Amino acid sequence: MTEEIVVVEGDGIGKEVVPAAVSVLEAVGDFEFVRHDAGDAVKEETGEALPRETYDAVAAADATLFGAAGETAADVILPLRTAVESFVNVRPARAYPGVDALRPETDIVFLRENTEGVYSGHEDRLSDDLSTLTRVVTTSASERLAEFACDYAPEGFHVAHKANVMRETDGRFRDAVTGVADEKGVETEEVLMDAFATHVCLDPEQFDVVVCPNLAGDVLSDLAAGLVGGLGLLPSANIGSDNALFEPVHGTAPDIAGEGVANPSATILSAAMLLEHLGYDEEGTAVREAVESTLSDGPRTPDLGGDASTEDVTEAIIDELD
Ligand SMILES: NC(=O)c1ccc[n+]([C@@H]2O[C@H](COP(=O)([O-])OP(=O)(O)OC[C@H]3O[C@@H](n4cnc5c(N)ncnc54)[C@H](O)[C@@H]3O)[C@@H](O)[C@H]2O)c1
Ligand SMILES: CC(C)[C@H](C(=O)O)[C@@H](O)C(=O)O
C-alpha cells in the first residue's frame, strides 16, 4: 500500500523548501502526496489560517511534512501539533563537517514538551494595565515525555527547568521527569535553563539529550541553531502515539522569501526523520547522508556562505542519492 503523506507548505520559504523535500522523498520512495493549505495567505483569502480540511487531513495522515506559517504561525502549527496528538518535539541540533559553526562540537537533541507550559493558550486581558497568562504543567504530560526520553536516551539525559523560581509548575515537571527516569534506572542531570544557555555556548560537548518544557525548548533549540550554523540546518519531529508531523525549526524567513535561496537542509532532514518514522530506515539514513555530504562539499546556500540556490542544493542532494 502506498503511504499517504500530507504536505502543507504554508507561507514564505515554506513554499520553496517543502517542494525541495518532496522531490527528495520522490527520489527514494513511492508515496502519495496530498497537498493542503494553511497560513497567512489562506487567512487573507478565506478568513481562516487553518482550514478544517487541513486539520482533518493532518490528523488522519500517516505523516505530515509542514513548512512554516507567518504571522498566523501560532494559529496553524500549534493546532496541527495537537492534531497529531504530539507529546514531544524532537529537535536535533548538530554541527556538520565543512559548515562554519561557532561551536563545531555541538551535537544535541532537544526533547521539547509539546502540549502545555505557556503554550496552553490561557491568556487574559484583565484591564487596560494588566494581562495574565496561565502556565499549565501536568504530571501526565511530563511523565509521557519522560517515558519517551528514557526510550530515546537510555544512557541518560539532562533535564532543563527553572524550578528554583517556578516551584510549582517546573517543580512538577522536574519531579515527574526525574521520577520516571529513576523508576526506569535512567540517569538524569538537572540544569537550570538560564545556566544551560551559558553552558551550551561555552561547552556544548557536555550535552547529548536535553529534556525541557515547551517554551524553553523553543528558545534553546534556536540558540543551538546559532551554534551550528543557523536555522537552515535544524529539523524537527512532532511525535504522537499514532501520527507525526515533521517541520524545520525555522519560520517563513521573510527577508529571503521568494528569492529561491533558502537552505532546504532543515526540511530535507525533517523528511529523513519522517522516513524513519514510517519505517524506511535505510532511505532515511541515505537522505541524511546525502545532506551531510552536500553540506560538506557544497553547493551551499548564502546562509552558509555560498551562492547556490535552493534548487542547486536540492539537485546536489538528489544526485548524491543516485
Ligand atoms: N513553525 C513555524 O511556522 C514558524 C516558526 C518560527 C517562526 N515563524 C514565523 O516566521 C516569520 C519570521 O520569523 P523569524 O524571522 O523570527 O524567524 P525565521 O526562522 O523565519 O528567520 C530567522 C532568520 O533565519 C534565516 N533563515 C531561517 N530559515 C532559513 C533557511 N531555511 N535558509 C536560510 N536562512 C534561513 C532567515 O532568513 C532570518 O534571517 C514570523 O511571522 C514567525 O511567526 C513560523
Ligand atoms: C511559531 C511558534 C508557534 C513556534 C513555536 O514556538 O513552537 C516556533 O517558534 C517553532 O519553534 O516552531
Side-chain angles (χ1 to χ4, degrees), residues 8-21 37-44 49-50 54 58 64-82 84 86 88-93 99-100 110-121 123 212-226 228-238 245-271 291 295 299-314 317:
V8 184
E9 295 177 356
D11 303 307
I13 62 166
K15 296 203 175 302
E16 300 163 40
V17 293
V18 171
D37 293 326
D40 295 1
V42 183
K43 184 169 181 185
E44 229 163 82
L50 181 59
T54 303
V58 169
T64 295
L65 185 65
F66 176 76
E71 293 313 308
T72 56
D75 308 318
V76 173
I77 190 59
L78 301 183
L80 288 184
R81 288 175 187 158
T82 307
V84 299
S86 171
V88 59
N89 190 325
V90 182
R91 295 189 156 196
V99 173
D100 241 356
F110 293 91
L111 300 181
R112 170 185 178 187
E113 200 287 318
N114 217 12
T115 56
E116 42 189 44
V118 296
Y119 283 71
S120 58
E123 271 198 308
C212 36
N214 206 341
L215 180 61
D218 180 37
V219 175
L220 297 174
S221 56
D222 269 37
L223 181 126
V228 302
L231 279 162
L233 297 171
L234 260 64
S236 81
N238 299 279
L245 178 148
F246 301 81
E247 52 166 336
V249 166
H250 64 70
T252 56
D255 51 341
I256 56 166
E259 291 174 19
V261 294
N263 186 346
S265 303
T267 313
I268 296 174
L269 290 167
S270 304
V291 172
L295 285 171
R300 298 195 190 96
T301 42
D303 56 311
L304 301 181
D307 58 6
S309 67
T310 308
E311 216 176 293
D312 297 333
V313 172
T314 309
I317 290 169

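Since the model is a prediction, treat every value here as computed from it, not as a measurement. All ligand and atom numbering here is 1-based and tracks the order in the structure.
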Note to self: Any protein heavy atom at under 4.0 Å, with atom 16 (O) of ligand 1 as the reference point?
What the structure shows: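 So atom 16 (O) of ligand 1 lacks protein heavy-atom neighbours under 4.0 Å.
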Check: Less than 4.0 Å between atom 1 (N) of ligand 1 and some protein heavy atom, yes or no?
Finding: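 So far as the 4.0 Å threshold goes, atom 1 (N) of ligand 1 is in reach of a protein heavy atom.
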Within-4.5 Å side-chain heavy-atom neighbours: [X] and [Y]:
X      : Y      : result
Val84  : Val58  : yes
Asn114 : Asn238 : yes
Val249 : Arg91  : yes

Check: Out of curiosity, is Ala266 lining ligand 1, as in a heavy atom under 4.0 Å away?
Finding: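 No, Ala266 has no heavy atoms under 4.0 Å from ligand 1.
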Between [X] and ligand 1, which part of the residue brings a heavy atom under 4.0 Å of the ligand: side chain, backbone, both or neither?
X      : result
Asp303 : side chain
Ala68  : both
Thr252 : both
Ile13  : side chain

Under 4.0 Å from a heavy atom of [X]: which atoms of ligand 1 are those, numbered in the order shown and with their elements?
X      : answer
Gly232 : 30 (C), 31 (N)
Glu247 : 1 (N)
Ala73  : 3 (O), 43 (O), 44 (C)
Phe66  : 3 (O)

Among all protein heavy atoms, pick the one closest to [atom] and tell me residue, atom and distance.
atom                    : answer
atom 3 (O) of ligand 1  : Ala69 N, 2.9 Å
atom 34 (N) of ligand 1 : Ile256 CD1, 3.6 Å
atom 24 (O) of ligand 1 : Leu231 CD1, 3.9 Å
atom 36 (C) of ligand 1 : Asp255 OD1, 3.3 Å
atom 31 (N) of ligand 1 : Asn263 O, 3.0 Å
atom 26 (N) of ligand 1 : Ala253 CB, 4.1 Å

Is it the case that [X] and [Y] place a side-chain donor and acceptor less than 3.5 Å from each other?
X      : Y      : answer
Tyr119 : Asp218 : yes
Ser309 : Asp312 : yes
Asp11  : Thr252 : no

Ligand 2 N/O to protein N/O, distances under 3.5 Å:
| residue | atom | partner | partner atom | Å |
| --- | --- | --- | --- | --- |
| ligand 2 | 6 (O) | Arg112 | NH2 | 3.4 |
| ligand 2 | 6 (O) | Tyr119 | OH | 2.5 |
| ligand 2 | 6 (O) | Asp218 | OD2 | 3.3 |
| ligand 2 | 7 (O) | Arg81 | NH1 | 2.7 |
| ligand 2 | 7 (O) | Arg81 | NH2 | 3.4 |
| ligand 2 | 7 (O) | Arg112 | NH1 | 3.1 |
| ligand 2 | 7 (O) | Arg112 | NH2 | 2.9 |
| ligand 2 | 9 (O) | Asp218 | OD1 | 3.0 |
| ligand 2 | 11 (O) | Arg91 | NH1 | 3.2 |
| ligand 2 | 11 (O) | Arg91 | NH2 | 2.9 |
| ligand 2 | 11 (O) | Asp218 | OD1 | 2.8 |
| ligand 2 | 12 (O) | Arg81 | NH2 | 2.9 |
| ligand 2 | 12 (O) | Arg91 | NH2 | 3.0 |

Item checked: Asn263/Leu304 under side-chain contact (heavy atoms from CB on, under 4.5 Å): CA gap, chis, key distance, verdict -> CA-CA 8 Å; Asn263 186 346; Leu304 301 181; 3.4 Å; yes
Give the table of side-chain donor-acceptor pairs shorter than 3.5 Å for residues 229-236, with sequence neighbours excluded, one pair per line with atom names and distance.
| residue | atom | partner | partner atom | Å |
| --- | --- | --- | --- | --- |
| Ser236 | OG | Glu247 | O | 2.8 |

Next item on the list: Consider every N or O of Gly70 and every N or O of ligand 1, then say whether any pair is closer than 3.5 Å.
Entry: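 Yes - when backbone and side-chain N and O of Gly70 are compared with those of ligand 1, one distance drops under 3.5 Å.
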Check: Roughly how far, to the nearest 0.5 Å, is the OG atom of Ser86 from the CG atom of Leu245?
Finding: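 So the CG of Leu245 and the OG of Ser86 are separated by 8.0 Å.
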Item checked: Atom pair CG/OG1 of Asp307 and Thr301 - distance to nearest 0.5 Å ->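 Taking CG in Asp307 and OG1 in Thr301, the distance rounds to 10.0 Å.
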Item checked: Heavy-atom proximity to atom 28 (N) of ligand 1, best of His250, Arg81, Glu71 ->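 The option holding the nearest heavy atom is His250.
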Next item on the list: Please work out which of Ala257, Pro254, Gly251 has its closest non-hydrogen atom nearest to atom 12 (C) of ligand 1.
Entry: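 Result: the heavy atom closest to atom 12 (C) of ligand 1 is in Pro254.
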